[in-house]
Number of protein chains: 2
Amino acid sequence: MNRFKDGGGDERKLTGIREVARIAGVSVGTVSNVLNRPDVVAEATRQRVHAVIEQLEFVPNRGAADLRSGRSRMIGLVVPDITNPFFAEVARGAVNAANEDNIAVVLCNSDHAASQEDRYLDVLEQHRVAGVLINPLGKVPSRLESLRDRGLKVVCVDRSVRKSAYCSVSVDDVRGGEIAVEHLLAPGARRLVLVNGPASLRPCADRRRGAWRALDKAGLSRDSLTEVVCRSMTIRAGVEAGARMLQLPELPDAVFCTNDLLAIGVMRALVNAGVGVPGDVAIVGYDDIDLAADAAVPLTSVSQPKFALGRKAMQLLLAEIAEGSSHEHERIAFQPDLTVRDSSAAPKAG
Amino acid sequence: MNRFKDGGGDERKLTGIREVARIAGVSVGTVSNVLNRPDVVAEATRQRVHAVIEQLEFVPNRGAADLRSGRSRMIGLVVPDITNPFFAEVARGAVNAANEDNIAVVLCNSDHAASQEDRYLDVLEQHRVAGVLINPLGKVPSRLESLRDRGLKVVCVDRSVRKSAYCSVSVDDVRGGEIAVEHLLAPGARRLVLVNGPASLRPCADRRRGAWRALDKAGLSRDSLTEVVCRSMTIRAGVEAGARMLQLPELPDAVFCTNDLLAIGVMRALVNAGVGVPGDVAIVGYDDIDLAADAAVPLTSVSQPKFALGRKAMQLLLAEIAEGSSHEHERIAFQPDLTVRDSSAAPKAG
DNA sequence: AGTGTCGGTTAAACCGTTTCAAGACGAAAG
DNA sequence: CTTTCGTCTTGAAACGGTTTAACCGACACT
């Protein structure tokens, strides 16, 4: 059951605030004060206490402090898959921001399983974290509401929440799609293909909407954009999509793939078939993964500020925790950015 | 400074063990027992208490429990870069194992900076984590020893530690290099190239040693292996290495790259130059990243059990914590595995 | 009836802090 | 010489649990 029943007993008794007080010849209250409100204690005393702290290598027990004060210096980070570069980067940003405030971030990897997510939320609740940064699975579960009722602050990452019941931070996928297509349209492309993942995925649907919007703005019909849908968003699927494209009655001028892996696959299929990229068809991808820059022909891609996303989300959460009930929920949308590379350099140049 | 001074005061007073006891008509001690040693309390009482717990939605305060009991249900995970797929996967494994014991894992991302690493260790110490899972930067710092003196258990990940002062878990890079070269040698390759990163990196040096060992075992001179050293281990560096290889007096039969990105780069350079892969030269990479399977020609690669590594490391740590002083430090070396794909399918077939 | 003993329960001490009402001291004001 | 402040400091009460020694019936055995 519990592996922590009894440790073999090599526990050196850590020095506590009491011991410090005793040796420094002051009361524990004073030691606490020099730790938390140095301004309120006399210079001389402060120095003396600090000296003792140093000498004893005293390390305050944050847990005990939290218990008494009702605060908490921990927040939970719940992601579906830390292995996904997107979330890894977000995590890095979040942890980075938290560290500045000496806040510990406990990592929860739900593995795309709602049951796991629930389990983790339980653990977080038991540990009395001050708040949770979460990319919730599926529909934002009512569980989050119950958490909030318990006093936990919640902010959603990369998932805009209706009714601004929580703070949320995400990047504007619609705008991302728009940017990409605008870029392709600019040099005069008129026959476009959209290589997309399942429209049931929010980002896929949004990026498509963005593409449409760009078309609308340019006064073009949506018919000028042919959609090729892939089951998964991998290089392999991209290769297949590329093959399908080659069978179209007419080759497009430009292709927008809603993810870099798809784009790389498409590119490979086209190049293998003797189609020039970007000479014959321009390609832009999405996510700007490392690989994009190192593709056979460097890939233009829409990049998302993942690190900043994580940082901001954490900052928002910490702010909400500090502000308490006077807090107004914010819904921040980061703007994606286009990184232009060779794959879209000079469409139809030849 | 501290953003947690005062929250706006929307703290609903959580129900505690006391309230449960009062309503259930038992003492707090009994409630505690129901929670921690259900076997010691009478069936009827247990049921009654559980009912009340349910009804009140009581959630035990792990922090308070830890404080009194001297245990700790948190452990720290310190990695140089969570964005690195290797560590992401290790983290996933570690978190996964911890979750089974209801242990919270606090994530620390040192960003390859010793100063950060130190800061994080401070935070972990203050939070009184039971142990630390760490991939320490540079030489295993004396800091770790001081941690251990304080009663913290430490296990090192992917970094074997001299003198078995700690438990450590790593994968056998020497063996990995050996496997790769054995595989290339089997079909009769005799002129090999090793595309390596800086030998100052432990894994690079080890994998080279492994390659040599395979050579020795096969009764071949080390001269049959030409080493091409790259500054960085990226696709771009691989392409350059490939270019350099093409200028060699004679093309090799087979190439072993100490990382998949290098391998993909080399492959690209060769194929672009009209060299057949695996027809003219076979290639094997290292790490078995997702991309390997989806390379232009699917890449044979040495794969490391990263998830298992993380899981095992965590299990070891938890075990050490449970065992206490009676613990014997273990040094576990995982065996890497060769995933054979097209890039080495039929060397010199033509 | 006296004595163990055993399963179940309890009251009180304790973990390492923060917090807060109250005290001590000296200096400025009356 | 009192008062009145203001600055520092203090002691004890929390915080929400766990732990331990003691207690209490009831039941079995001499």
Side-chain angles (χ1 to χ4, degrees), chain A residues 2 4-7 9 11-49 53 56 58-73 102 125-128 130 150-151, chain B residues 2 4-7 9 11-22 24-49 53 56 58-73 125-128 130 150-151:
Chain A
N2 180 340
F4 290 79
K5 280 290 167 55
D6 37 38
E11 323 284 302
R12 269 196 354 151
K13 184 147 185 145
L14 281 304
T15 45
I17 209 180
R18 295 178 117 81
E19 180 78 353
V20 174
R22 198 178 57 78
I23 302 208
V26 297
S27 77
V28 295
T30 298
V31 177
S32 174
N33 279 335
V34 6
L35 253 33
N36 304 307
R37 291 131 65 192
D39 47 303
V40 86
V41 37
E43 174 70 12
T45 327
R46 196 190 324 161
Q47 303 242 335
R48 186 152 35 99
V49 172
I53 287 181
L56 257 47
F58 163 72
V59 177
N61 183 330
R62 216 57 101 155
D66 285 358
L67 171 57
R68 170 60 228 223
S69 67
R71 281 180 217 125
S72 166
R73 307 205 129 273
N102 267 304
E125 216 172 329
Q126 292 176 177
H127 277 278
R128 294 289 189 277
R150 276 204 159 62
Chain B
N2 181 338
F4 290 78
K5 281 287 167 60
D6 37 38
E11 323 283 302
R12 269 198 353 153
K13 182 146 189 149
L14 281 303
T15 43
I17 209 181
R18 297 178 115 84
E19 180 79 352
V20 174
R22 197 177 57 78
V26 298
S27 76
V28 296
T30 298
V31 177
S32 174
N33 279 335
V34 168
L35 255 33
N36 304 308
R37 293 131 65 190
D39 46 304
V40 86
V41 37
E43 174 71 11
T45 328
R46 197 191 321 162
Q47 303 241 334
R48 187 152 36 98
V49 172
I53 288 181
L56 259 46
F58 164 72
V59 177
N61 183 329
R62 219 56 108 151
D66 286 357
L67 172 57
R68 169 61 227 230
S69 66
R71 283 181 217 125
S72 166
R73 308 205 129 271
E125 215 172 329
Q126 293 177 175
H127 278 279
R128 295 290 189 275
R150 277 207 160 60

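Protein chains get the first letters and strands the later ones, always in sequence-line order, with residue 1 at the start of each. In this text the structure is predicted, and so the values were computed from the model without any measurement.
- Summarising the geometry, the separation between CZ on B/R71 and C1' on C/dC15 is reported as 13 Å, rounded to the nearest angstrom.
- Computed from coordinates, the A/R68 CZ to D/dG16 P distance equals 9 Å when rounded to whole Å.
- Nearest heavy atoms, B/V59 versus A/R150: CG2-NH2, 3.5 Å.
- When distances are taken from the side chain of B/S27 to each of C/dT10, C/dT18, D/dT18, the shortest belongs to C/dT10.
- With D/dG17, D/dG16, D/dT9 as the candidates, the nucleotide lying closest to the side chain of B/F58 is D/dG17.
- The side chain of B/T45 approaches C/dG8 more closely than any other nucleotide in the set D/dT18, C/dT17, C/dG8.
- Sequence order on DNA chain C of the closest nucleotides to B/V28 and B/V40 puts B/V40 first from the 5' end.
- In terms of heavy atoms, A/T15 sits closest to A/F58 at O-CD1, 3.2 Å.
- Rounded to whole Å, atom C1' of D/dG16 lies 12 Å from atom CG of B/L35.
- When each of D/dT9, D/dG16, C/dT9 is scored by its nearest atom to the side-chain atoms of A/V41, the top-ranked nucleotide is D/dT9.
- Residue B/L67 has its side chain nearest to C/dC15 when only D/dG11, C/dC15, D/dC15 are considered.
- Between B/D66 atom CG and C/dC14 atom C1' the separation is 15 Å, expressed in whole Å.
- At whole-Å resolution of the value, CG in B/N33 and P in C/dT9 are 9 Å apart.
- Using a 4.0 Å heavy-atom criterion, one finds that A/R62 contacts no nucleic acid atom at all.
- Whole-Å rounding puts the B/I53 CD1 to D/dG16 C1' distance at 14 Å.
- Between C/dT18, D/dT10, C/dT9, one nucleotide has an atom nearer to the side chain of A/T30 than all others, and that is D/dT10.
- Side-chain atoms of A/R37 do not come within 3.5 Å of backbone N or O of A/V34 as any donor-acceptor pair.
- B/R18 places its CZ atom 12 Å from the C1' atom of C/dA11, with the value rounded to the nearest Å.
- With rounding to the nearest 0.5 Å, the separation of CD1 in A/I17 from CG in A/L35 is 6.0 Å.
- Within 4.0 Å (heavy atoms only), A/G16 reaches sugar-phosphate atoms of the nucleic acid but no base atom.
- Rounding to whole angstrom units, CG of residue A/N61 and C1' of C/dC14 are separated by 14 Å.
- Among C/dT9, D/dT18, D/dT9, the nucleotide with an atom closest to any side-chain atom of B/A65 is D/dT18.
- Residue B/V31 is classed as having no contact, given no heavy-atom separation below 4.0 Å to the nucleic acid.
- What you find for B/R18 and B/V28 is that their closest heavy atoms are CA-CG1, 3.8 Å.
- Contacts of B/S69 with the nucleic acid, taken as non-hydrogen atoms under 4.0 Å apart, involve only primed sugar atoms and P, OP1 or OP2.
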